[in-house]
Protein chains: 2
Amino acid sequence: MWTRAERKQRPTLSREQIVRAAVAVADSEGLDAVSIRRIATELGARAMSLYTYIERKEDLFDLMIDEVAAETVPEGPLPAQWREATIAIARLEREAALRHPWLIGAIARRSQTSTLGPNMLRHLELSLAALDPLPATPTEKWQIIRAVSDYTSGAVLRESRERAGTAGGHDVAHLRAMTDSGAYPRLTALLGVDRRDSFEQGLRWLLNGISPEDAS
Amino acid sequence: MWTRAERKQRPTLSREQIVRAAVAVADSEGLDAVSIRRIATELGARAMSLYTYIERKEDLFDLMIDEVAAETVPEGPLPAQWREATIAIARLEREAALRHPWLIGAIARRSQTSTLGPNMLRHLELSLAALDPLPATPTEKWQIIRAVSDYTSGAVLRESRERAGTAGGHDVAHLRAMTDSGAYPRLTALLGVDRRDSFEQGLRWLLNGISPEDAS
DNA sequence: CGCCAATCGGTACGCTGTAAACTCCCGCAG
DNA sequence: CTGCGGGAGTTTACAGCGTACCGATTGGCG
């Protein structure tokens, strides 16, 4: 679908416009607010007009994902050290996912590996480029990229849910009740503990494990 | 909501029954197939009857998540080595999530940190117990648990999507076209490469980074 | 000019979550 | 025993969803 030509006439809509509107709605009201009718309204069109540009709603999600993937493509030259370069890319992924908290949900929602869009391909290409200085086989490099991006997406999934939650008093009360039961002593001991975010710490651990010699 | 007493009359339905039916439907037909009407039909009831046991559909997702979380609670005694114990728990998480591919999606779908159910609390308690032998502050232990489970959920999110996909020929053709363009040389070089799964490898890297002294 | 294909609109169908009001019927107070 | 409170389950209804199908419009090209 990435290769399908756009209209040749002169439309009042465009795929780019639709995707941007969808991303804006998702950013401000969540993924569930992204409905065909809603996006059409947003653009002053009728629902069915969108189907000139996408085949089904899932396509729209794919396009939204790739739209945001653009933010994960590093702009300038990569740091010369593979480690710094990889960290920089992981940070871009994290920041994009926190800016668009619906992102991981959209990825998880897609029934199968969504077709990779051009921005996602550029992102992957540059993730590989970051490892150029590393003496490793392609298979090993691929494993490293997967490990780092797996960690990043998991961390970001948790982080963005934590931010959305901010634990209303009700949940806290419930948690207290549970821990007061004494069934979870270690958890109880953790209730007041510092929960400063630890994305960077975990990333450091992972990279140290990959390459112990230049651990930080 | 976990504490709310169940009915005292004599119902033909039960919360447990509803949740099990929902998990079964999600397992075999995906999360989208879990609708109130569908589950009710599955149980020979009418849609609105379910609302005696849950307040809204999101509650059902929470209950399903905790139902599956039971499978991530280790049964016997934990390995004495914190490292082995942590690996064992991570494997349970992975296997449960692969058995129920909708799981990560359900977690991502929940608008905020869902209320922790009893099974999730037991899982967390035992994750902490696994680190008992480790000389570390509670904050550090919490960070370790988060790093490991972040990595695990990210890896499993990717893995289950890969399994669902198995890349139909169409996608492969598209990918070929993209890489033939020459814009992604490193990716192109990777096309035929071995993609053996690497969950264990990444987990080893992470644990080695956490504790270099007993690296494997 | 005539044609074609792209674009957009309208209508309709079967689905969704759930609010509101209803019918039962059990267990208990008098 | 009667009466009744209240919980279980049902019915109906509504607004919204994705999208199949068809018709109207229109601009570019032969």
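Each chain gets a letter, A, B and so on, in the order the sequences are listed, and its residues count up from 1.
Side-chain contact between B:Leu13 and B:Thr52 is absent, with no heavy-atom pair separated by less than 4.5 Å. Put simply, the side chain of B:Val68 does not reach to within 4.5 Å of the side chain of B:Arg99, judged on heavy atoms. Counting heavy atoms from C-beta outward, A:Leu203 and A:Val148 have side chains that approach closer than 4.5 Å.
Between B:Glu55 atom CD and C:dA19 atom P there is a gap of 9 Å when expressed in whole angstrom units. Regarding A:Lys57, its NZ atom lies at a distance of 8 Å from the P atom of D:dC17, rounded to whole Å. B:Leu50 has its CG atom 15 Å from the C1' atom of C:dA19, to the nearest Å. One atom, OH of A:Tyr51, and another, P of C:dG10, lie 17 Å apart when rounded to the nearest Å. As rounded to whole Å, 10 Å separates atom P of C:dT18 from atom CG of B:Leu60. Note: CD1 (B:Ile54) to C1' (D:dG9) measures 14 Å, nearest angstrom. Regarding B:Arg37, its CZ atom lies at a distance of 11 Å from the C1' atom of D:dT12, rounded to whole Å. Distance CZ (B:Phe61) to C1' (C:dG17): 11 Å, rounded to an integer number of Å.
In terms of heavy atoms, A:Ala85 sits closest to A:Ala130 at CB-CB, 3.6 Å.
Regarding contacts with the backbone of C:dA6, every side-chain N or O of A:Thr52 stays at 4.0 angstrom or more from both OP1 and OP2. The shortest distance between the side-chain N/O atoms of A:Arg56 and the OP1/OP2 oxygens of D:dG18 is not below 4.0 Å. Applying the 4.0 Å criterion to OP1 and OP2 of C:dC8, one finds that A:Tyr53 has a side-chain N or O inside that range.
B:Ser49 comes within 4.0 angstrom of a nucleotide base, judged by non-hydrogen atoms across all strands.
With D:dT19, C:dA19, C:dG9 as the candidates, the nucleotide lying closest to the side chain of A:Ala45 is C:dG9. When distances run from any side-chain atom of B:Ser35 to the nucleotides C:dA20, C:dG17, C:dC8, the shortest one goes to C:dG17.
Comparing A:Ala33 and A:Met48 along DNA chain D, the residue whose closest nucleotide (by nearest heavy atom) sits nearer the 5' end is A:Ala33.
Both the sub-6.0 Å distance and the 45° axial angle are satisfied by A:Arg94 relative to the ring of A:Phe199.
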